[in-house]
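Every number for a ligand or one of its atoms is a count from 1 in the order of the listing.
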Amino acid sequence: MNIFNRNKNNCEECKEKFESYADLIHHARHAHHRTIVKCSGCGKEFIHEKDRLHHEREEHERKVKDRYR
Ligand SMILES: [Zn+2]
Ligand SMILES: [Zn+2]
């Protein structure tokens, strides 16, 4: 069911492991000064733009697309 639990909470810059994705976001922002991107649909935060786009496609756009089919 949960497709986001596969090594999602590992920092790819220093290989540190975190309990949650939120902790990883916090670490990336403060330790590596990464720019965090936010989902415009629900406010969820992501380290990578591609992760945000994937989330928006999976969580938000799919519902819209189904309606037009
Ligand atoms: Zn790190
Ligand atoms: Zn969202």
Side-chain angles (χ1 to χ4, degrees):
M1 188 75 189
N2 187 4
I3 57 161
F4 284 108
N5 62 5
R6 179 180 52 89
N7 285 340
K8 260 290 180 186
N9 304 329
N10 286 14
C11 176
E12 51 189 41
E13 296 198 43
C14 64
K15 307 299 177 199
E16 205 173 321
K17 251 180 148 178
F18 296 92
E19 291 282 311
S20 69
Y21 191 66
D23 287 342
L24 173 59
I25 295 263
H26 181 87
H27 165 82
R29 182 186 273 146
H30 290 275
H32 306 298
H33 303 286
R34 297 292 292 263
T35 304
I36 305 302
V37 291
K38 242 180 176 180
C39 172
S40 55
C42 66
K44 198 172 180 346
E45 293 178 316
F46 299 91
I47 292 168
H48 298 291
E49 176 69 6
K50 66 173 171 58
D51 288 338
R52 186 181 68 84
L53 291 173
H54 178 80
H55 161 84
E56 289 195 343
R57 199 158 46 224
E58 291 294 309
E59 299 292 322
H60 305 300
E61 276 181 34
R62 188 170 50 193
K63 288 157 197 154
V64 178
K65 214 190 287 171
D66 283 349
R67 207 178 297 158
Y68 283 103
R69 214 165 255 171

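Sequence neighbours left out, the pairs with a member in residues 19-33 that pass salt bridge (charged side-chain N to carboxylate O under 4.0 Å, His left out) are Arg29-Glu45.
Taking Glu12 as the reference, nothing meets the salt bridge (Lys or Arg N to Asp or Glu O under 4.0 Å) condition, with sequence neighbours excluded.
Protein N/O/S atoms found under 2.8 Å from the Zn ion (ligand 1): Cys11 SG, Cys14 SG, His27 NE2, His32 NE2.
Put simply, the side chain of Tyr21 reaches to within 4.5 Å of the side chain of Ile47, judged on heavy atoms. Looking at Ser40 and His60, their side chains never come closer than 4.5 Å, going by heavy atoms from C-beta outward.
Between Lys44 and Glu59 there is no salt bridge, since none of the side-chain N atoms of the basic residue sits less than 4.0 Å from a carboxylate O of the acidic one.
Between His32 and His27, the angle of the ring planes goes over 60°, which puts this pair in the perpendicular group of the 30/60° scheme.
Rounding to the nearest 0.5 Å places CZ of Arg57 at 11.0 Å from NZ of Lys50.
Checked by atom type and distance alone, the side chain of Glu49 never pairs as donor or acceptor with a backbone atom of Val37 at under 3.5 Å.
Ile36 and Leu53 fall into different hydrophobic clusters, where Ile, Leu, Val, Met, Phe, Trp and Tyr residues are linked whenever their side-chain heavy atoms come under 4.5 Å apart, directly or through other members.
Panel detail: the Zn ion (ligand 2) has protein N, O or S atoms under 2.8 Å away, 4 in number.
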